[in-house]
Amino acid sequence: MDLKLDSVSHSYGKTEVLRDISLDIASGQIVCIVGPSGCGKSTLLRMLGGLEKPGAGRVLQVGAPPADCLNPLTFIFQDFALLPWRSVQGNVSLVLEDNNLSTAEKQDIIGDVLMRTKLSEFADALPKQLSGGMKQRVAIARALAVNPAVMLMDEPLSALDSQTRELLMDDLISLWTRQPFTAVYVTHNLAEAVRLGHKIVVLSRRPGQIREVVEIDTPLAERSYGDVALEQKQQHLWGLMRDEAAAADAELLHV
Amino acid sequence: MSDPVRNVPFRGGGFVATRKRGVGLLVFIVLLLFAEWGTRTGFISALTLPRPTDVLLTFQELYQSGLLFKHLVPSLSRLLIGATMGATLGITIGVLIGLFSLVRAGLVPLVAAIFPIPKIALLPLFVIWFGIDEMSKYALIAFGTFTPTVVATYAAVDNVDRTLIRMGQSFGLNWRSIVTKIVLPGAMPGILSGLRISLTIAIILLVAAEMLGAEYGIGAYILQAGSLYDLERLFAGVVILSVMGVVVSAGIAAIERRVLRWRV
C-alpha cells in the first residue's frame with residue numbers, strides 16, 4: 001500500500017502551516033521529513049494517519065493494505081504514549097483487544113513482537129520501571145503487533161539520550177533489514193534522517209513547503225556511524241536548512 | 001602561608017515531606033493526657049471538658065448495654081446507602097460531563113448553582129418529597145456527596161493525558177474501549193481523591209439528618225446528650241464520628257494503594 005499527498009495545505013486560524021505539499025510514499029521505503037521547528041512536520045504526519053483533516057488537498061491511500069494488517073496506519077509517538085497502568089504485555093495487548101482475536105492468537109502476537117524488540121523478559125514490568133529506551137521499544141513492539149502497512153513515527157528518538165538513540169537506531173535498522181516496512185519518519189535530527197531515510201524530504205520554515213527531496217541509495221544495513229558519503233549528504237541537508245532554521249528561530253510566535 | 005581547607009557548607013535539604021511514624025498518635029496521646037491531668041487537678045472545670053477516662057467509661061457502658069450497635073447500625077447503613085447513591089450518580093454524571101460537550105454545557109452551570117447550597121437547608125424539602133423516614137436521609141446524604149464527586153470526576157476526566165487518547169484513536173480502538181481502558185483508569189486518581197472529600201461530607205450530613213429526626217443513630221445520640229448537657233456521652237458520640245472519618249480515609253487509602261500501584 002502506498003500513501004500519496006495531493007497538494008495539501010493547512011492553516012491554524014490565520015497561521016498558515018503547510019502550503020501545497022505533494023508527496024509519494026512508496027511501500028517498503030522509509031521517508032524522513034526534516035525541517036525547522038514549527039514547519040508543520042508533525043501536522044503533516046497526523047494528517048497521514050487520519051488524526052487531523054487537511055484544510056485543502058487530499059491524503060490518499062493507493063492500493064489495499066495486506067489482509068493480515070490490523071491497523072494500516074500506525075503511529076509511534078515521541079513521548080511513547082504507553083498506558084502507565086498496564087504492563088508491557090498489557091500495553092501491547094491493548095491494541096489487539098478490539099480485533100476479534102482468540103486469546104491464543106493474541107498471546108502469539110505479543111510473544112513474537114516482544115521477542116523481536118528484545119523485551120520478552122520484561123513482559124510484566126510496568127512502564128514506570130522502564131528506561132526511556134525500553135519504553136520506546138515497547139511502543140515499537142505495540143506498533144509491530146498490529147502489522148502496520150505504514151508506520152508513522154513522530155520524532156520517536158527525540159526524548160532519549162544520544163547513546164540510547166544510537167542503539168534504537170540500530171534496532172530499527174535491523175528490524176527493517178529482516179522485514180522491510182514502510183515508514184514516514186519525522187525528525188529534526190539530520191543524522192537520524194541520513195541513517196534511516198531512503199528519501200529525505202526537506203521542508204521550509206512556516207508555511208511548510210517542500211524545498212528538496214534527497215534520495216540516498218546506500219542500503220540501510222551498510223550505513224554506518226561516520227560514513228563519509230552520508231556525512232556529505234548531511235552537510236548538504238544542513239546547508240539547505242541552516243538559513244531556514246535561523247529564520248524560524250528568530251520568528252515571534254503569534255499564538 | 002597555605003590556603004585554609006574546609007568543607008563546603010551544606011545548604012540543600014528540607015522542603016520534602018518525609019514519613020514520620022507514630023508522631024500523629026503521639027499528638028493524640030499528649031492531648032488526652034493533658035485533658036486528663038487538667039480535669040483531675042481542676043485546672044479544667046468539668047463543665048468545660050469531660051474527663052477522657054469518663055468518656056471511655058461511658059463508651060464501655062454504651063457497648064455493654066447494646067445501645068452502641070442500636071445507634072451505629074442505622075447510621076452506617078444510612079451512610080453506606082446514601083453515599084453509594086450519591087457517589088455512583090456523581091461519578092456517572094461527572095464522566096458524562098467530561099466526555100460530552102453538550103452535557104457539559106447543560107450541567108456545569110447547574111452543578112455550580114447547587115454546589116454552594118448548604119444541603120442541610122434542604123432537609124425539610126426532602127422530608128416533604130421523600131417522607132420523614134429513611135428515604136429523606138438517604139436523599140440528603142446522596143445529594144451532599146453528589147456535587148463534590150461530580151466536580152472532582154469531570155476535572156479528573158479533563159486531566160486525562162490527551163496523547164493517550166490520540167494513541168487509542170490512532171490504533172483504531174473503538175469508543176467504548178477508549179473510555180473504559182484509557183479515560184476511566186486515567187481519571188481514577190482524581191476520582192478517588194474527590195471521594196475522600198465527598199465521603200467526609202457524607203458523615204457530616206449523616207449527623208445533620210439524624211439530628212433533625214431519628215430515633216436511633218449517632219446524630220440522634222449526640223443531640224440527646226447535648227440537650228441534657230451530658231458531655232461524656234456527647235464526646236463518646238463525637239469520638240465515634242472521628243473514628244468513622246479515619247476508617248473512611250484509611251479505606252480510600254487502601255483502595256488507592258491497590259488501584260493506583262502504577263503511579264510513579
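When reading the values below, keep in mind they use all heavy atoms of this one structure, side chains included, and skip hydrogens, waters and symmetry mates. To find a chain, count down the sequence lines: A is the first, B the second, and so on, and within it residues start at 1. Only a predicted model underlies this, so the values are computations on that prediction, with no experimental measurement involved.
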Exercise for the section: Can you tell which part of B/Arg176 gets under 4.5 Å to a heavy atom of chain A, answering side chain, backbone, both or neither? Expected result: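 No part of it gets close to chain A.
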
Handout entry: chain A contact via B/Ile182 - which portion, at a heavy-atom distance below 4.5 Å
Key =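 Both parts, backbone and side chain.
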
Does any backbone or side-chain atom of [X] lie under 4.5 Å from a heavy atom of chain B? Answer side chain, backbone, both or neither.
{"X": "A/Asp79", "answer": "side chain"}
{"X": "A/Leu152", "answer": "neither"}
{"X": "A/Arg46", "answer": "neither"}
{"X": "A/Leu73", "answer": "backbone"}
{"X": "A/Val95", "answer": "both"}

Practice task
Inspect the surroundings of CG in A/Asn100 and state if more than 12 heavy atoms from other residues, nucleotides or ligands are less than 6.0 Å away.
Solution key: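 No, not enclosed.
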
Exercise for the section: Give a yes or no on whether the backbone of B/Gly186 and the side-chain of A/Trp85 come within a donor-acceptor separation of less than 3.5 Å. Expected result: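 Absent.
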
Exercise for the section: Give a yes or no answer on whether the side chain of A/Arg137 reaches the backbone of A/Thr117 with a donor-acceptor pair at less than 3.5 Å. Expected result: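 Yes.
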
Problem - Contact leader toward chain A among B/Gly172, B/Gly168, B/Ser177, where contacts are heavy-atom pairs under 4.5 Å - result: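 So the answer, after comparing B/Gly172, B/Gly168, B/Ser177, is B/Ser177.
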
Handout entry: Electrostatic pair A/Asp112-A/Arg116, nearest N-O below 4.0 angstrom
Key =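 Counted as a salt bridge, because a side-chain N and a carboxylate O are separated by less than 4.0 Å.
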
Problem - Geometric class of the A/Phe77/A/Phe75 ring pair [parallel <30°, tilted 30-60°, perpendicular >60°] - result: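 The rings of A/Phe75 and A/Phe77 lie parallel, inter-plane angle below 30°.
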
Handout entry: Centroid separation B/Trp175 to B/Phe100 less than 6.0 Å
Key =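 Ring centroids of B/Trp175 and B/Phe100 are less than 6.0 Å from each other.
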
